[in-house]
Amino acid sequence: MEFIRQIERLQLLNKLVREQRTGSPEEFAERLGVSRAKLYLMLDELRDEGVEIRYSKRSNSFVYENCDGVSVVFSLKVLGVDEVRSISAGKISNYFPTSKILDGTIFSLVYDQSANQHAS
């Protein structure tokens, strides 16, 4: 299932950045199984969500600037017709922006800023 693979890719991205062992952009993209262009789209989307990531030449890795990482959590539930109608009031809602990371799947990120709060 492609959706699961994309979630796993995002979890791996988070793990490698947290541990500062992504390697060069080319190596990082290869580890994630994406092109370098797709890697930068993923990083741009994380930045759009408020997660600051930069490449450090000193550590030869991408690093988090403003947090310790992101929490990548998802759940899957099959909805019945009545549940779908009650959620969307019988209408299709396109309120949420689509994701570049998950190829159009709706999602949101929550990141931990506690490390920055303790440092202040």
Side-chain angles (χ1 to χ4, degrees):
M1 185 183 247
E2 183 61 23
F3 176 74
I4 302 296
R5 190 173 17 235
Q6 292 167 339
I7 292 291
E8 290 170 344
R9 186 176 293 138
L10 187 55
Q11 289 171 328
L12 179 58
L13 178 146
N14 180 55
K15 179 181 192 286
L16 292 173
V17 173
R18 252 190 12 252
E19 295 172 358
Q20 295 187 13
R21 52 186 198 98
T22 66
S24 69
E26 293 79 13
E27 292 168 327
F28 193 22
E30 186 176 325
R31 287 180 180 157
L32 295 175
V34 297
S35 67
R36 184 176 169 178
K38 175 72 174 188
L39 168 66
Y40 280 105
L41 285 174
M42 294 169 71
L43 295 175
D44 285 344
E45 186 158 356
L46 289 169
R47 285 183 189 109
D48 289 347
E49 294 291 331
V51 179
E52 297 296 326
I53 298 175
R54 70 171 173 81
Y55 181 75
S56 167
K57 289 182 182 178
R58 194 174 94 216
S59 62
N60 188 36
S61 180
F62 285 89
V63 296
Y64 287 115
E65 289 270 298
N66 64 338
C67 62
D68 292 330
V70 295
S71 176
V72 182
V73 180
F74 74 99
S75 63
L76 181 65
K77 178 183 177 189
V78 178
L79 301 176
V81 175
D82 292 337
E83 289 174 298
V84 171
R85 283 191 184 126
S86 69
I87 291 171
S88 63
K91 297 181 181 178
I92 296 174
S93 173
N94 291 325
Y95 176 74
F96 298 101
T98 57
S99 166
K100 295 175 212 120
I101 295 174
L102 299 178
D103 297 330
T105 304
I106 296 170
F107 82 106
S108 64
L109 295 171
V110 177
Y111 61 96
D112 182 8
Q113 290 183 321
S114 61
N116 289 338
Q117 293 170 355
H118 295 297
S120 308

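This chain uses plain numbering: 1 for the first residue, then up along the sequence.
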Interatomic distance, R21 atom CZ to S59 atom OG [nearest 0.5 angstrom]: 13.0 Å

Qualifying residues under side chain to side chain donor-acceptor pair (under 3.5 Å), relative to R31, sequence neighbours excluded: none

Donor + acceptor pair across side chains of S61, S56 (<3.5 Å): no

Results of side chain to side chain donor-acceptor pair (under 3.5 Å) for S35 - residues two or more places apart only: none

Spatial distance of atom CZ (R9) from atom CG (L39) [nearest 0.5 Å]: 10.5 Å

Those residues that, when tested against R18, pass side chain to side chain donor-acceptor pair (under 3.5 Å) (two or more places apart): none

Side-chain heavy atoms of Y55 within contact of N60, under 4.5 Å: yes

Note, Q11 side chain near I7 side chain (heavy atom, < 4.5 Å): yes

Non-neighbouring partners of E8 that pass salt bridge (charged side-chain N to carboxylate O under 4.0 Å, His left out), sequence neighbours left out: none

Any side-chain heavy-atom pair of R54 and V63 under 4.5 Å: yes

Test side-chain contact (heavy atoms from CB on, under 4.5 Å) applied to E30 - qualifying residues, sequence neighbours left out: none

R36 side-chain N/O to E26 backbone N/O, donor-acceptor pair under 3.5 Å: no

Distance in Å, I53 CD1 paired with L13 CG, rounded so as to fall on 0.5 Å steps: 6.0 Å

Reported CG-to-NZ distance for the pair L10 and K15, which is rounded to 0.5 angstrom: 14.5 Å

Partner set under side chain to side chain donor-acceptor pair (under 3.5 Å) for Y40, not counting sequence neighbours: none

Residue pairs involving residues 11-37 (criterion ring pair (Phe, Tyr, Trp, His ring centres under 6.0 Å); sequence neighbours excluded): F28-F62

Nearest-0.5 Å distance, CG of residue L32 to CE of residue M42: 5.5 Å

Contacts of R58 that satisfy salt bridge (charged side-chain N to carboxylate O under 4.0 Å, His left out) - sequence neighbours left out: none

